[in-house]
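Computed over heavy atoms, backbone and side chain alike; hydrogens, waters and symmetry mates excluded.
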Amino acid sequence: QGQLVESGGGLVHAGGSLRFPCAASARTFTNDHRGWFRQGPGKERNFVAAITLRGGTTDYSDSVKGRFSITRDNAKNMVYRQMNSLKPEDTGVYYCAATIRWLQHGAGGSYDYWGQGTQVTVSS
């Protein structure tokens with residue numbers, strides 16, 4: 001069974017940027033849309049962004065629109081997450097996920113596979 005493997009993340013000052021990938025370890029995910037979620041301290045896990053199978057459509061939560069971007073390279077089985085103009089409220093554990101159900105891409109329950117999560121801390 002395939003896995004989603006996350007790397008990167010870390011500590012950054014407010015206004016800074018981070019870019020961190022999510023790799024799929026097997027061919028399991030060649031037909032999946034990918035999502036990106038965040039769980040802040042003491043908060044529920046919330047939708048951040050998603051990208052369709054071929055990368056033609058993306059969607060972002062209002063809180064990150066214009067600052068974050070999600071892209072994918074299917075030849076490498078990779079999804080890339082770029083975070084710019086970071087704010088302290090962006091602090092949290094970030095997860096990548098995979099689903100075949102685009103119509104429900106904003107709901108965590110629609111995703112079948114999850115990465116292990118990576119911590120991002122934004123200092124003020």
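- To the nearest 0.5 Å, the span separating CH2 on Trp102 from CD1 on Ile51 amounts to 8.0 Å.
- Arg45 forms a cation-pi arrangement with Tyr95, by the criterion of a distance under 6.0 Å to the ring centre and an angle within 45° of the ring axis.
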Apply ring-ring contact (aromatic ring centres under 6.0 Å, His included) to the pair His105 and Phe47, showing each step before the final yes or no. CA-CA 8 Å; His105 66 268; Phe47 172 76; 5.6 Å; yes

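- Val93 and Leu4 fall into different hydrophobic clusters, where Ile, Leu, Val, Met, Phe, Trp and Tyr residues are linked whenever their side-chain heavy atoms come under 4.5 Å apart, directly or through other members.
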Side chain to side chain contact (heavy atoms under 4.5 Å, CB included) evaluation trace for Gln82 with Ser17: CA-CA 7 Å; Gln82 179 71 41; Ser17 298; 4.0 Å; yes

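- Side-chain atoms of Glu6 come within 3.5 Å of backbone N or O of Gly117 as a donor-acceptor pair.
- Rounding to the nearest 0.5 angstrom, the gap separating the SG atom in Cys96 from the CD atom in Gln116 is 7.5 Å.
- Between the Asn84 side chain and the Gly16 main chain, no donor and acceptor come within less than 3.5 Å of each other.
- Thr71 OG1 to Arg34 CZ: the interatomic distance, rounded to the nearest 0.5 Å, is 11.5 Å.
- Residues Met78 and Ala23 share a closest heavy-atom pair of SD-CB, 3.3 Å.
- Between the side chain of Thr118 and the backbone N or O of Gly8, at least one donor-acceptor pair lies under 3.5 Å.
- Inspection of the Asn46 and Glu44 side chains reveals no N or O donor paired with an N or O acceptor under 3.5 Å.
- Counting heavy atoms from C-beta outward, Met83 and Phe20 have side chains that approach closer than 4.5 Å.
- Here Asn77 contributes atom CG and Asp32 contributes atom CG; the two are 9.5 Å apart, rounded to the nearest 0.5 Å.
- In this structure, Arg81 contributes its side chain and Ile70 its backbone to no donor-acceptor pair below 3.5 Å.
- Note that OG1 of Thr121 is 11.0 Å distant from CG of Asp90, once rounded to the nearest 0.5 Å.
- Between Glu89 and Arg38 there is no salt bridge, since no side-chain N of the basic residue sits under 4.0 Å from a carboxylate O of the acidic one.
- Between the side chain of Arg67 and the backbone N or O of Ser85 there is at least one donor-acceptor pair closer than 3.5 Å.
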Intermediate values then yes/no, side chain to side chain contact (heavy atoms under 4.5 Å, CB included), Arg101 and Tyr111: CA-CA 8 Å; Arg101 294 172 287 276; Tyr111 290 80; over 6 Å; no

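- Geometrically, Arg19 engages Tyr80 in a cation-pi contact defined by less than 6.0 Å to the ring centre and at most 45° from the axis.
- In this structure, the ring of Trp114 has its center less than 6.0 angstrom from the ring center of Phe37.
- Distance check, rounded to the nearest 0.5 Å: OG of Ser123 to CG of Leu86 gives 10.0 Å.
- Comment: Lys65 engages Asp62 in a salt bridge, judged by a side-chain N to carboxylate O separation of less than 4.0 angstrom.
- With a 4.5 Å cut-off on side-chain heavy atoms, Ser69 and Tyr60 count as touching.
- Here the side chain of Thr91 pairs a donor or acceptor atom with the backbone of Val122 at under 3.5 angstrom.
- Tyr113 and Val48 fall into different hydrophobic clusters, where Ile, Leu, Val, Met, Phe, Trp and Tyr residues are linked whenever their side-chain heavy atoms come under 4.5 Å apart, directly or through other members.
- Across all their heavy atoms, Ser124 and Ala14 have their closest contact at CA-CB, 4.3 Å.
- Side chain to side chain, His33 and Thr52 fail the donor-acceptor criterion of an N or O pair below 3.5 Å.
- Contact record, Gln119 with Gly92: NE2-O, 3.5 Å, taken as the closest heavy-atom pair.
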